[in-house]
Structure formats: C-alpha cells, structure tokens
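These notes concern the structure reproduced below.
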Amino acid sequence: MKIVKVELGENSYEIRVGAGILADAGSWLKEKGFSRKAVIITDTNVEPLYAAALEKSLAKVNIKTNVIEIPAGEEQKTLETAGSLYKKLAAAYAERSTPVLALGGGVVGDLTGFVSATYMRGVPFVQVPTSLLAMVDSSVGGKTAVDHGRMKNIVGAFYQPRMVIADIDTLKTLPREELINGMAEVIKMAAIGDKGFFEFLEGHMKQAMALDPAVLEEIVIKSTTPKAGIVSRDERESGERMVLNHGHTIGHAIEAISSFKIKHGQAVALGMVAENQIAVKLGMLPEAEAARIEEVIKLAGLPTALPDFVSKEKDKVFELIKHDKKVLNDRIRFVLLQDIGRAFITDDVKPELVKEVLFGWRKT
Ligand code: NAD
Ligand code: GLY
C-alpha cells in the first residue's frame, strides 16, 4: 500500500492506494477515531460487487453499517436524489459524527460528498473510489456537486474527504469503456505536469489496459501526487488548479454537442488533441510532442478524430467553446502545453485560431 498526502492544514488527508486494501478500511477508520456506526452510499452496479467486503472490514472493528444504494448513472446526480439520501441518512440515525463512505465511481463520490457537506451542516466522509476516473481525479480535491436542469456540477461545495481508499483490485470488474474513460484524465495529468510519468505511460499503456495491478497502482499514485500538490496550493481553483482543465475547454463543448453520447474521457482526449494543435500553431508546442500525446491517446483506445455526427456540428461546437464557463471577460481560457509536462493558462488565444483548428481537424 502506498500513501499520497493532501496537505490542507487541519483538513489534510491521505490517499491510500493498493491492491486488496478494502479489507483494511475498518481499522483505518478506527485509527481516525470513528466507532459504532457508518453509512455506505453506493450504486446498483458496485453494491453487489464490493459493499459486503467493505461492511465486513468495518464489522471487524465493531462498526455497524447501513448500506444505501442508488441506481447507477449520471442521471442520479441530482438534488432529488440528494433529498432522498438525506431522508435515508435520518432513517439510519446518522449523527454529526457518523462517517459516510462513498463506494463507487465519480457519480457516487460527487453526490455523497455533496450530501455529506450539507447533511447536518457537514458530516465526515470517506471516498472509496472504484472507477479509474474516481481514483485518479474525482475522489481527490474536495469538489462535490450535483447537476441541475441542463447544467452539470452547478450546485455544489468544496468539501474534503477524511481519507481516500483506492483499492486497485476493484478495477478488475470495471467495464472496459470506463477504464478507457478514466485513462483520458491520467494522460492529461502526465501531459500537464510530469514528463517522466508520460514516458511511463508510453511504455506501459498496454499493460495498464490489460489491468496489470502494479502498473495501475503506479498510475493512480503518479496521477494523484501532482493533483494533491495542486489542490494543496489552490484548493478553491483561483489559479493553478485551473491547469487541470487542459483538454476541457474544447472537450466540454464536444461532450455537450453530442448530448453526452461521447463520454467525458473521450471528449477530453479530443479536446487535448485540438488544444495541442492550437499550441503547435502558436509555436509553443513542438509538433512531434503533440504527436507523442496522440499516440498515447490511441494506445488507450481513445479517439483522436471527431466522429461524423459531431464533425457536422463544428459551428455549434465553436459557439459553445465561446460560451464555456471558463470564458473570462469575453476571452476564451485555455490550458495549453509548452512541452509534455509543462502547462500554462492563457486567455490570449484568438477565436479565429480555435476555428482554424476545429475546421482543419483531419479525419483519421
Ligand atoms: P460513474 O460513477 O457513473 O461510474 C461509471 C460506471 O462504472 C457506473 O455504471 C458505475 O456503476 C460503474 N462502476 C464503478 N466502479 C465499478 C467497478 N469497480 N466495477 C464495475 N462497475 C463499476 O462515472 P465515473 O466516470 O466514475 O465518474 C464520472 C463523474 O465524476 C461525473 O459526474 C463527473 O462530473 C465527476 N467528476 C468529478 C470530479 C471532481 O473533481 N469532483 C472530477 C472529474 C469527474
Ligand atoms: N477535475 C478538476 C479538479 O478537480 O479541479
């Protein structure tokens, strides 16, 4: 088991990463001073796979658990589901000191985090991520939220977990398309902040996609380490944390135009490809480095060219980019690369250049 620390003063916490560590969750909770009872919130896919193991681990240290299950899927990340969870927490006699464990992917994590931040003005929560995306990204950093109307993550809170327990073994049951989805954020982390890690991905992507546990453990450690540092320095995203949005300015627009048929990871991969072309055209990023990133994206089974149905809607994609929530004073904000491992934030990219890259995007 390896530990990554998120240093946030009295809100500091550890990310514990390893194979089979679900079995240790109970004793770690006990060390944190939790006793008697806990609540596990999970979804219908993850519950039958891992809830019993987590309950057993807590039972060993005499912590009784209530398991609350929600249907799987982004559609559940709503205020309505949060409302039903408050009722279920009350029915389980959850008190202000009762820890709430989020067992699942980013949907369960974001929703449980939001509910934990608001129930009784805040109860302790623990992230137990079981998807690659949740392990490398959403469980770390304290962004919690629900969607509302057509707006994603629009109602939320910064609320840090007490601990993150990432059991690599759970990735064995993750559907392949979800593994691919999470890998986009892994490649992004390497591209923006760690050239050595990027080289590791070039050499080990095949093993990762074949679920080699040692490679996956390294990937989770290497992805969470820089994120933990960034969050420690800029918890509320007033500056540096924005670098995590590399690939997202264009990615979000593609995701939205596809009505979310293109998964987030695929959209971020496409966003990285396009945003790297902007950096190449600006003379910032050497073409050869952009090509290396595209190669790794392909190795992970992620797309590098727009599907036809989005390609036909480039005008709309461009309009959406111009209205992205990262637009500031009418200027589009991008996180571009100067090199693999070196990112910078800019709002100096001319809309015409974005259009040129979008409309010049080759088909393969
Ligand atoms: P998800 O939670 O929907 O999980 C994907 C699918 O995999 C679901 O069907 C889930 O039931 C299933 N699953 C999860 N773990 C499994 C396992 N081990 N075995 C079998 N099936 C498993 O989606 P996600 O990709 O994990 O997370 C996406 C969400 O994360 C989005 O709502 C997004 O907004 C959010 N997010 C938040 C942050 C943040 O900083 N808070 C960052 C990135 C993404
Ligand atoms: N996923 C972006 C962030 O945590 O800031």
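Just so it is clear, the model here is predicted, and its values are computed rather than measured. Order of listing sets the numbers, starting from 1, for every ligand and every atom in it.
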Query raised in the report: Do I230 and R233 pass the side-chain contact (heavy atoms from CB on, under 4.5 Å) test, and can you show the C-alpha distance, the side-chain angles, and the key distance before you say yes or no?
Result: CA-CA 5 Å; I230 290 168; R233 293 186 292 274; 3.9 Å; yes

Query raised in the report: Hey, mind stepping through E289 and R292 against side-chain contact (heavy atoms from CB on, under 4.5 Å) and telling me if it holds?
Result: CA-CA 5 Å; E289 299 298 276; R292 280 174 74 185; 3.4 Å; yes

Requested in this report: In sequence, state the C-alpha distance, the side-chain angles, and the governing distance for K355 and E352, and then conclude on salt bridge (Lys or Arg N to Asp or Glu O under 4.0 Å).
Outcome: CA-CA 5 Å; K355 212 169 181 177; E352 297 75 44; over 6 Å; no

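Counting only heavy atoms of the protein, atom 1 (P) of ligand 1 lies nearest to V107 CG2, 3.8 Å. Considering only non-hydrogen protein atoms, atom 22 (C) of ligand 1 sits nearest to L174 CD1, 3.7 Å. Nearest protein heavy-atom neighbour of atom 28 (C) of ligand 1: L133 CD2, 3.8 Å. When hydrogens are left out, the protein atom nearest atom 2 (C) of ligand 2 is K143 NZ, 3.8 Å; that is the closest non-hydrogen contact. Nearest non-hydrogen protein atom to atom 5 (O) of ligand 2 is R241 NE, 2.7 Å. Closest protein heavy atom to atom 4 (O) of ligand 1: G105 CA, 4.1 Å. For atom 14 (C) of ligand 1, the closest non-hydrogen atom of the protein is T130 OG1, 3.6 Å. Taking atom 35 (C) of ligand 1 as the reference point, the nearest protein heavy-atom neighbour is D110 OD2, 3.3 Å.
By the 4.5 Å heavy-atom criterion applied to side chains, W28 and I21 are counted as neighbours. By the 4.5 Å heavy-atom criterion applied to side chains, F158 and K143 are counted as neighbours. Contact of the L270 side chain with the I250 side chain is not registered, since no non-hydrogen atoms from C-beta on lie closer than 4.5 Å. With contacts defined as side-chain heavy-atom distances shorter than 4.5 Å, the pair P226/M189 qualifies. Between P129 and V164, some side-chain heavy-atom pair lies under the 4.5 Å cut-off. Between L89 and N66, the closest side-chain pair of non-hydrogen atoms is not below 4.5 Å.
Contacts between V140 and ligand 1, counted as non-hydrogen atom pairs separated by less than 4.0 Å, are absent for every part of the residue. Using a 4.0 Å cut-off between heavy atoms, T173 contacts ligand 1 through both its backbone and its side chain. Neither the backbone nor the side chain of L171 comes within 4.0 Å of ligand 1, counting heavy atoms alone. If you look at T44 next to ligand 1, there are no close heavy atoms at all, none under 4.0 Å. With a 4.0 Å heavy-atom cut-off, ligand 1 is reached by the side chain of E178 but not by its N, CA, C or O. At a 4.0 Å heavy-atom cut-off, ligand 2 touches E237 through the side chain alone. Heavy atoms of A72 found under 4.0 angstrom from ligand 1 belong exclusively to the side chain. At a heavy-atom distance under 4.0 Å, only side-chain atoms of K77, from C-beta outward, approach ligand 1. Counting heavy atoms under 4.0 Å from ligand 2, residue V231 does not touch it at all.
Between H264, E74, K172, it is E74 that holds the heavy atom closest to atom 31 (C) of ligand 1. Considering each of D137, T42, N45, the one bringing a non-hydrogen atom nearest atom 12 (C) of ligand 1 is N45. Of the listed residues (S139, P71, S138, P129), the one carrying the non-hydrogen atom nearest atom 38 (C) of ligand 1 is S138.
Put simply, OG on S223 and CD1 on I15 are 10.5 Å apart, with the number rounded to the nearest 0.5 Å. Taking NZ of K188 as the reference point, atom CD of E275 lies at 11.0 Å (rounded to 0.5 Å).
If you number the atoms of ligand 1 from 1 as listed, the ones under 4.0 Å from a heavy atom of K152 come out as 31 (C), 32 (O), 33 (C), 34 (O). Close contacts between ligand 1 and N181 involve ligand atoms 25 (O) [criterion: under 4.0 Å to a heavy atom]. The distance from ligand 1 to the heavy atoms of N153 drops below 4.0 Å at these ligand atoms: 34 (O). Within ligand 1, the atoms closer than 4.0 Å to a non-hydrogen atom of L49 are 19 (N), 20 (C), numbered from 1 in the order shown. If you number the atoms of ligand 1 from 1 as listed, the ones under 4.0 Å from a heavy atom of V46 come out as 13 (N), 14 (C), 15 (N), 16 (C), 22 (C). The Y50 neighbourhood of ligand 1 comprises atoms 18 (N), with distances under 4.0 Å to a heavy atom of that residue. Taking a cut-off of under 4.0 Å to the non-hydrogen atoms of P175, the atoms of ligand 1 that pass are 20 (C), 21 (N). Set against the non-hydrogen atoms of D43, the atoms of ligand 1 under 4.0 Å away are 10 (C), 11 (O).
Summarising the local packing, NZ of K222 is surrounded by 12 or fewer heavy atoms from other residues, nucleotides or ligands at distances under 6.0 Å. For K263, the NZ atom sits in a packed shell: over 12 heavy atoms of surrounding residues, nucleotides or ligands are nearer than 6.0 Å. Counting heavy-atom neighbours within 6.0 Å of K195 NZ, excluding the residue itself, gives a total above 12.
Taking a cutoff of 4.0 Å between a charged side-chain nitrogen and a carboxylate oxygen, D147 and K152 do not qualify as a salt bridge.
Between S131 and ligand 1, at least one pair of N/O atoms sits closer than 3.5 Å. Considering backbone and side-chain atoms together, D137 places an N or O closer than 3.5 Å to an N or O of ligand 2. Ligand 1 has a nitrogen or oxygen under 3.5 angstrom from a nitrogen or oxygen of G106. Note: no N/O pair closer than 3.5 Å links K188 and ligand 2 by distance alone.
The shortest heavy-atom distance from G182 to ligand 1 is not under 4.0 Å. The shell of residues lying under 4.0 angstrom from ligand 2, judged by heavy atoms, includes K227.
Checking each of T81, T44, D43 against Q76 for a side-chain hydrogen bond (donor to acceptor under 3.5 Å, both in side chains) leaves exactly one that passes, namely T81. Of the candidates T130, T112, T170, L103 forms a side-chain contact (heavy atoms from CB on, under 4.5 Å) with just one, namely T130.
Below 30°, between 30° and 60°, or above 60°: for H264 and H252 the angle between ring planes is between 30° and 60°, a tilted geometry.
A pairwise comparison of heavy atoms in Q127 and P161 identifies CG-CB, 3.8 Å as the closest pair.
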